[in-house]
There are 2 protein chains.
Amino acid sequence: MAAKRPTVTIKEVAEAAGVHFSTVSRALSPATRARVNPAIVARVEETARRLGYRANTAASSLRTRRSHMVGLVVPDLASLLFPAILNGIEHTLQEQGYLTIVADTANDPERHRRILSAMVERQVDGLILASAMLHDAVLDEWLDGPAPIVLINRTDDSGRAPAVLSDDLRGIGLAMEHLAGLGHVRIGHVAGPQTLSTGATRRRGFAAAGAALGRRALPVAEAASFSREAGRLACAALLDAHPATTAVVAANDLLALGCYDALTARGLACPGDVSVTGYNDLPLMDLVDPPLTTVRFRHRDMGAEAARLLLARMAGQETAGDVLLRPELVLRGSTAPPSAAVGRGGAGPAAGGRRSPPRARR
Amino acid sequence: MAAKRPTVTIKEVAEAAGVHFSTVSRALSPATRARVNPAIVARVEETARRLGYRANTAASSLRTRRSHMVGLVVPDLASLLFPAILNGIEHTLQEQGYLTIVADTANDPERHRRILSAMVERQVDGLILASAMLHDAVLDEWLDGPAPIVLINRTDDSGRAPAVLSDDLRGIGLAMEHLAGLGHVRIGHVAGPQTLSTGATRRRGFAAAGAALGRRALPVAEAASFSREAGRLACAALLDAHPATTAVVAANDLLALGCYDALTARGLACPGDVSVTGYNDLPLMDLVDPPLTTVRFRHRDMGAEAARLLLARMAGQETAGDVLLRPELVLRGSTAPPSAAVGRGGAGPAAGGRRSPPRARR
DNA sequence: TTGTATGCGTTATCAA
DNA sequence: TTGATAACGCATACAA
């Protein structure tokens with residue numbers, strides 16, 4: 001239908017409408033529209049529509065230094081955690097007239113550096129980074145750059161950029177209380193990489209919750225990455241070292257799925273022999289076998305909140321510190337009271353507690 | 001570290017390097033670098049780095065009419081199908097120096113229109129659309145627009161834009177042959193929306209495969225959307241009308257999951273009473289209960305292929321027609337030979353075939 | 001309220 | 001090989 005038009009500019013609209021092009025500019029911009037004769041505004045809009053005028057953002061961006069684009073950097077696009085987060089970001093931004101550039105670092109710092117550079121060159125007005133590491137040299141280079149930065153899901157240790165996070169301490173606490181309430185005493189943690197704030201904070205949360213329950217030095221196995229395979233390996237190591245374990249708190253859902261694999265491999269049932277909890281409540285976690293008990297936070301809200309925070313910063317407002325999303329525990333089939341059975345794979349030296357009956361839920 | 005620099009331009013680099021700014025421009029651009037004295041190139045690059053120079057793409061885009069940005073439009077970001085596709089697109093494009101703008105129409109045509117407009121205004125060099133409907137007025141408006149378009153996952157009926165698709169006819173055929181090979185005769189189809197090419201083509205594939213097996217007029221129930229809930233409803237309707245059904249071919253995985261729900265609701269076992277197949281092989285489909293037998297194609301390849309196609313079109317090359325990705329059947333636990341049991345919920349008028357023993361696998 | 005003039009940072013054409 | 005200059009499309013300070 002629309003013929004391959006050779007780009008129509010405000011000058012052509014101006015000529016067709018019989019006014020000066022600066023008037024067209026004013027008439028078309030919501031901010032200045034009020035300053036021009038309503039009749040002319042109507043005429044300009046009509047001719048603009050008729051000629052199929054499309055603003056050239058490159059030109060206006062050059063002039064105004066605002067591109068109305070925001071960059072989102074994620075460490076792994078294929079992770080099931082990001083679709084919903086991206087959704088929340090994108091919708092919130094779109095409502096305010098912003099478009100979102102998305103790029104994937106594939107966990108590669110060099111790539112991270114190139115991406116940030118490319119985004120800044122495209123004059124993004126702000127940046128949302130889901131890719132922060134705890135010590136992040138690349139991030140550091142851009143913290144004082146031209147584009148305001150908001151961190152999401154993970155934070156770094158500089159504390160120089162506001163972050164939108166799940167309250168991991170609380171979330172892990174919820175899982176621990178649930179397991180303790182079920183009667184578990186020998187609880188282990190399959191931790192995530194300690195180079196990431198999620199991995200480190202959840203591990204701290206595990207230790208803190210353990211201490212609060214009067215259990216110090218609960219065993220921890222650290223996974224090399226937040227993946228199912230790494231979870232399997234770490235869980236196997238945990239069970240090797242502590243065969244009497246009756247519950248494992250995994251630092252995220254993928255790790256928990258890996259725990260399922262490790263349990264299956266040694267003929268243990270979940271939750272019959274060992275209970276497992278996850279973190280994130282990824283899509284379909286209610287459908288896996290057994291349905292995963294896990295800690296949930298609203299992914300979409302996390303995205304929306306980060307977008308709002310960035311919008312505020314881009315508007316020059318000072319923002320308060322990090323925002324912590326309140327997590328909730330989703331009870332499903334992967335947790336149950338510890339079984340009374342003993343002697344499974346050489347009970348540890350201090351296996352006495354394992355005989356205690358399940359405590360009442362509190 | 002880097003101080004809040006007030007944007008350094010080629011002019012400042014030029015002054016610091018003691019050359020004219022047009023020389024800086026030439027020295028910094030790979031295309032023209034050869035035309036300038038190597039010693040000067042080195043000096044310019046050094047000073048550019050020292051001053052922290054960053055190209056302003058808005059300016060160069062204004063001049064060259066190339067933004068090195070591509071727009072990707074999806075109907076539903078939260079769908080588990082897109083992360084991998086986006087991944088393939090983004091990586092391929094990134095290698096060629098392009099950044100990807102992503103937006104979500106939420107299946108809203110008005111929103112679709114606004115998004116395309118916003119992307120074109122940002123001077124995207126090309127568009128990849130996963131959002132096409134079979135009859136798509138919005139798409140139609142932009143088919144002759146300034147940015148080349150490639151369709152992905154779905155196509156439209158105009159045939160004016162090349163598309164990268166799964167070979168749905170073949171894929172559904174694979175599922176049908178598998179079921180027939182298992183001995184199923186009373187096979188039903190839970191179809192997707194017929195306003196989408198995927199829904200329509202898979203339904204055609206179902207009918208064609210049925211005919212090839214000598215079964216005409218196999219029952220079909222159409223789901224209102226590609227969602228689990230719509231699948232549940234459609235499957236329930238199918239079973240109401242054809243209680244003797246022993247296998248259902250769902251038009252995608254979400255629909256198949258809805259079939260699980262419908263079966264569970266009426267106390268039927270999968271695959272014991274009814275076998276189910278899906279389409280897409282979304283993540284975690286191997287972990288749901290029962291693991292879903294489904295048709296897979298390489299999502300990441302689909303993205304990469306679309307990106308390559310677009311790259312070619314943006315380079316002015318004529319491209320051949322659509323590219324069809326070869327699907328493969330993934331055998332898992334949701335399909336089995338039909339049980340010999342009869343009389344389940346009022347057997348239909350022509351229930352004779354249900355007694356036939358499972359045929360040997362071929 | 002509208003017109004005039006200028007510049008945003010870059011590339012590209014033309015001379016030197 | 002390098003320098004000078006114009007132009008890309010738009011927004012805005014200023015003048016009318």
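- Side-chain N/O atoms of B/Arg54 and base N/O atoms of C/dG9 include no donor-acceptor pair closer than 3.5 Å.
- The CD1 atom of B/Ile10 sits 13 Å away from the C1' atom of D/dA4 (whole-angstrom rounding).
- Following rounding to the nearest Å, B/Leu28 (CG) and C/dA12 (P) show an atom-to-atom distance of 14 Å.
- Between the B/Asp136 side chain and the B/Asp156 main chain, no donor and acceptor come within less than 3.5 Å of each other.
- Nearest nucleotide to the B/Arg63 side chain, out of C/dT1, D/dT12, C/dT10: C/dT10.
- Between D/dA4 and B/His20, a contact under 4.0 Å exists linking OP1 or OP2 to a side-chain N or O.
- Rounded to whole angstrom, the span from the CD atom of A/Glu15 across to the C1' atom of C/dG3 amounts to 16 Å.
- Side-chain proximity of A/Arg26 to the nucleotides C/dG3, D/dC10, D/dG9 is greatest for C/dG3.
- Between the side chain of A/Arg308 and the main chain of A/Thr92, no donor-acceptor pair closer than 3.5 Å is present.
- Residue B/Gln94 is tested with B/His91, B/Gln96, B/Glu90 for a side-chain hydrogen bond (donor to acceptor under 3.5 Å, both in side chains); the sole match is B/Glu90.
- Mapping A/Pro38 and A/Ser22 onto DNA chain C by nearest heavy atom places A/Pro38 at the nucleotide closer to the 5' end.
- The shortest distance between the side-chain N/O atoms of B/Ser60 and the OP1/OP2 oxygens of C/dG9 is not below 4.0 Å.
- As rounded to whole Å, 15 Å separates atom P of C/dG9 from atom CD of A/Glu121.
- Between the CD atom of A/Gln123 and the P atom of D/dG9 there is a distance of 19 Å, given to the nearest Å.
- For A/Glu15, the CD atom sits in a loose shell: 12 or fewer heavy atoms of surrounding residues, nucleotides or ligands are nearer than 6.0 Å.
- In the displayed structure, A/Arg298 atom CZ is contacted under 6.0 Å by at most 12 heavy atoms of other residues, nucleotides or ligands.
- Nearest-nucleotide positions on DNA chain D place B/Arg35 closer to the 5' end than the other of B/Arg35 and B/Leu62.
- Nucleic acid contact for B/Ala55: sugar-phosphate only, since backbone atoms but no base atoms lie under 4.0 Å from a heavy atom of the residue.
- For B/Phe21, the side-chain atoms get nearest to D/dA6 when compared with the rest of D/dT2, D/dA6, C/dT2.
- In the set C/dG9, C/dG3, D/dT12, the nucleotide with an atom closest to the side chain of B/Ala59 is C/dG9.
- Close to D/dT2, at under 4.0 Å from its OP1 or OP2, lies no side-chain N or O of B/Thr23.
- Contacts of A/Ser25 with the nucleic acid, taken as non-hydrogen atoms under 4.0 Å apart, include base atoms.
- Within 4.0 Å of A/Lys11, counting heavy atoms only, lies no atom of the nucleic acid at all.
- Within 6.0 Å of CZ in B/Arg43 there are more than 12 heavy atoms belonging to other residues, nucleotides or ligands.
- An OP1 or OP2 oxygen of C/dG9 is reached within less than 4.0 angstrom by a side-chain nitrogen or oxygen of A/Arg65.
- Taking atom CZ of A/Arg33 as the reference point, atom P of D/dT12 lies 14 Å away to the nearest angstrom.
- B/Arg66 places its CZ atom 16 Å from the C1' atom of C/dA12, with the value rounded to the nearest Å.
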